[in-house]
Engineer: 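One structure, as structure tokens, below. Some questions next.
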Amino acid sequence: MTFPHPGHRHLYRIGAAVFDGTNDYMARGADPTGIADGKLGTWSTWIKSGGDGTTQLIAGSNQAFSTIKYGFKKAANNGLTVNGRNAASTSILAVSTAINAITNDGLWHNILISYDLGAGACKIYIDDADATSVVTTLTNDTIDYTTGNMFIGADSAAASKLNATLAALWFNPTYLDLTVTANRRLFIDASKKPVYLGANGERPLGSTPLVYQKVPLGGVATDFATNQGSGGNFTITGSLDLAPGPTG
């Protein structure tokens with residue numbers, strides 16, 4: 001792959017992985033290495049929806065509970081919801097967009113989420129625009145990040161499967177104020193195109209995040225299970241397909 005000039009954060013291409021909504025998902029099989037319970041989190045991904053009208057977990061964990069302990073999903077109304085629960089499974093983070101925020105329109109969309117429960121802050125941005133709509137719960141408490149597993153594309157019961165194509169899924173338990181334009185530019189440029197996150201996703205923070213799933217240009221779909229972050233690889237159930245990703 002030819003990387004962009006060091007002074008540039010865009011003008012590059014990445015691959016993507018197709019989750020078919022029927023058989024495909026990925027599981028870590030353990031907590032991401034180095035994760036600890038906390039109040040902070042930032043997520044970013046590029047997504048092209050393949051189907052509407054069902055609940056679909058994009059990434060997170062609901063180990064041993066019927067609702068997710070942490071992560072974000074596409075709801076049956078095609079809105080997005082970010083959730084967090086404490087060790088007692090009490091909801092402490094529930095923030096949503098309006099309905100039809102992500103639909104099967106054939107287009108790539110960027111999802112960018114960041115929260116700090118200690119400061120009472122959570123924002124969801126879609127395509128560089130504030131899509132935060134409903135704040136149901138935002139409690140100064142600690143999210144149970146140590147559930148024993150993490151999933152991409154389904155929940156712990158292999159349900160709520162994702163019908164979408166994903167590229168550049170990035171997560172770290174840190175906070176970025178997304179109302180600050182410069183912080184959004186770490187992931188999406190002013191033209192609403194992807195920016196180069198670094199070989200290991202290190203450019204936004206200056207250090208490697210826990211999770212960074214991508215398909216390098218010229219790679220294969222199974223590359224999406226190889227975590228370029230520090231938290232360890234995932235295992236694929238089903239068979240992901242390769243697709244071209246968004247182009248910066």
Engineer: Linking I/L/V/M/F/W/Y whenever any side-chain heavy atoms sit under 4.5 Å apart, do F19 and I68 land together?
Structural biologist: no
Engineer: Where is the tightest heavy-atom contact between T179 and K123, given as atom of each residue plus distance?
Structural biologist: CG2-CE, 3.9 Å
Engineer: Given side chains that start at C-beta, do those of L162 and L57 come closer than 4.5 Å, heavy atoms only?
Structural biologist: no
Engineer: In terms of hydrophobic clustering (I, L, V, M, F, W, Y; side-chain heavy atoms under 4.5 Å; direct or indirect links), are V211 and Y196 co-clustered?
Structural biologist: no
Engineer: Determine whether W108 and T165 satisfy the following criterion, side-chain contact (heavy atoms from CB on, under 4.5 Å), listing intermediate values before the conclusion.
Structural biologist: CA-CA 9 Å; W108 280 104; T165 305; 3.6 Å; yes
Engineer: Are any side-chain N or O atoms of Q213 and backbone N or O atoms of L169, one a donor and one an acceptor, separated by less than 3.5 Å?
Structural biologist: no
Engineer: I'd like to check S239 versus N23 (side-chain heavy atoms, cut-off strictly below 4.5 Å). Are they in contact?
Structural biologist: no
Engineer: State plainly whether one hydrophobic cluster holds both F72 and L210, where clusters connect Ile, Leu, Val, Met, Phe, Trp and Tyr through side-chain heavy atoms under 4.5 angstrom apart.
Structural biologist: yes
Engineer: Only one of D223, V220, V215 clears side-chain contact (heavy atoms from CB on, under 4.5 Å) with L242; which?
Structural biologist: V215
Engineer: Could you check whether any side-chain N or O of N62 sits under 3.5 Å from a backbone N or O of D155, counting only pairs where one atom can act as donor and the other as acceptor?
Structural biologist: no
Engineer: About how many Å separate CZ of R28 and CG of N233, when rounded to the nearest 0.5 Å?
Structural biologist: 7.0 Å
Engineer: Any side-chain heavy-atom pair from W170 and T42 closer than 4.5 angstrom?
Structural biologist: yes
Engineer: Using a 3.5 Å distance criterion without hydrogens, assess whether the side chain of T208 forms a donor-acceptor pair with backbone atoms of E202.
Structural biologist: no
Engineer: Determine the minimum heavy-atom distance between T97 and G79, stating which atoms define it.
Structural biologist: OG1-CA, 3.5 Å
Engineer: Would a distance-only check, ignoring hydrogens and angles, find a side-chain to backbone donor-acceptor pair under 3.5 Å from R185 to I188?
Structural biologist: yes
Engineer: Just say parallel, tilted or perpendicular for the rings of Y25 and F151, cut-offs at 30° and 60°.
Structural biologist: tilted
Engineer: Considering non-hydrogen atoms only, spot the tightest contact between A98 and S133 and give its length.
Structural biologist: N-CB, 3.4 Å
Engineer: Shortest non-hydrogen contact from L205 to L176?
Structural biologist: CD2-CD2, 4.4 Å
Engineer: W43 versus L112: any side-chain heavy-atom pair under 4.5 Å?
Structural biologist: no
Engineer: I want to check something: taking the side chain as every heavy atom from C-beta on, are C122 and V82 in contact at a cut-off of under 4.5 Å?
Structural biologist: yes
Engineer: At their closest point, which heavy atom of D144 faces which heavy atom of Y70, and how far apart are they?
Structural biologist: O-CD2, 3.6 Å
Engineer: I would like to know whether Y145 and D31 meet side-chain contact (heavy atoms from CB on, under 4.5 Å); could you show each step before the answer?
Structural biologist: CA-CA 8 Å; Y145 280 134; D31 291 322; over 6 Å; no
Engineer: Any donor and acceptor pair, going by atom type alone, linking the side chain of N77 with main-chain N or O of G53 inside 3.5 Å?
Structural biologist: no
Engineer: I'd like to know if the side chain of T139 reaches the main chain of S91, judged simply by a donor and an acceptor atom lying under 3.5 Å from each other, with no hydrogens or angles considered.
Structural biologist: no
Engineer: Drop me the distance from I35's CD1 to T146's OG1, to the nearest 0.5 angstrom.
Structural biologist: 8.0 Å
Engineer: Can a donor-acceptor pair be found, under 3.5 Å and without considering hydrogens, that links the side chain of N200 to the backbone of Q228?
Structural biologist: yes
Engineer: In terms of side-chain heavy atoms, does T137 have a donor or acceptor partner in R85 at a distance below 3.5 Å?
Structural biologist: no
Engineer: Nearest 0.5 Å please: distance from the CG atom of L178 over to the CZ atom of R184.
Structural biologist: 7.5 Å
Engineer: Same cluster or not: are I152 and W46 linked, directly or through other Ile, Leu, Val, Met, Phe, Trp or Tyr residues, by side-chain heavy atoms under 4.5 angstrom apart?
Structural biologist: no
Engineer: Between K73 and L80, is a side-chain contact (heavy atoms from CB on, under 4.5 Å) present by the stated rule, with each step listed?
Structural biologist: CA-CA 6 Å; K73 64 185 177 183; L80 291 176; over 6 Å; no
Engineer: Counting distance only, does the side-chain N/O of S49 pair as donor-acceptor with the main-chain N or O of G51 below 3.5 Å?
Structural biologist: yes
Engineer: Is any side-chain heavy atom of K192 closer than 4.5 Å to one of N110?
Structural biologist: no
Engineer: Looking only at non-hydrogen atoms, find the nearest pair between Y212 and G201 and report the distance.
Structural biologist: CD2-N, 3.2 Å
Engineer: For N78 and D52, indicate whether the former's side chain and the latter's backbone hold a donor-acceptor pair under 3.5 Å.
Structural biologist: no
Engineer: Within the structure provided, determine whether I102 and I126 are in side-chain contact (heavy-atom separation under 4.5 Å).
Structural biologist: yes
Engineer: Distance from I124 atom CD1 to T81 atom OG1, nearest 0.5 Å?
Structural biologist: 6.5 Å
Engineer: Nearest 0.5 Å, please: how far is CZ in F224 from CG in N227?
Structural biologist: 10.0 Å
Engineer: Between T147 and N149, is there a donor-acceptor pair closer than 3.5 Å when you use the side chain of the first and the backbone of the second?
Structural biologist: yes
Engineer: Given T54 and Q56, is the side chain to side chain donor-acceptor pair (under 3.5 Å) satisfied, shown in steps?
Structural biologist: CA-CA 6 Å; T54 61; Q56 303 174 39; 3.3 Å; yes
Engineer: So how far is it from S114 OG to Y125 OH, rounded to the nearest 0.5 Å?
Structural biologist: 11.0 Å
Engineer: Linking I/L/V/M/F/W/Y whenever their side-chain heavy atoms sit closer than 4.5 Å, directly or via other members, would L166 and L240 fall into one cluster?
Structural biologist: yes
Engineer: Using side-chain contact (heavy atoms from CB on, under 4.5 Å), reason through T222 and I236 one step at a time and then give a plain yes or no.
Structural biologist: CA-CA 8 Å; T222 54; I236 298 171; 4.0 Å; yes
Engineer: Measuring only between side-chain heavy atoms, which start at C-beta, is L186 closer than 4.5 Å to V195?
Structural biologist: no
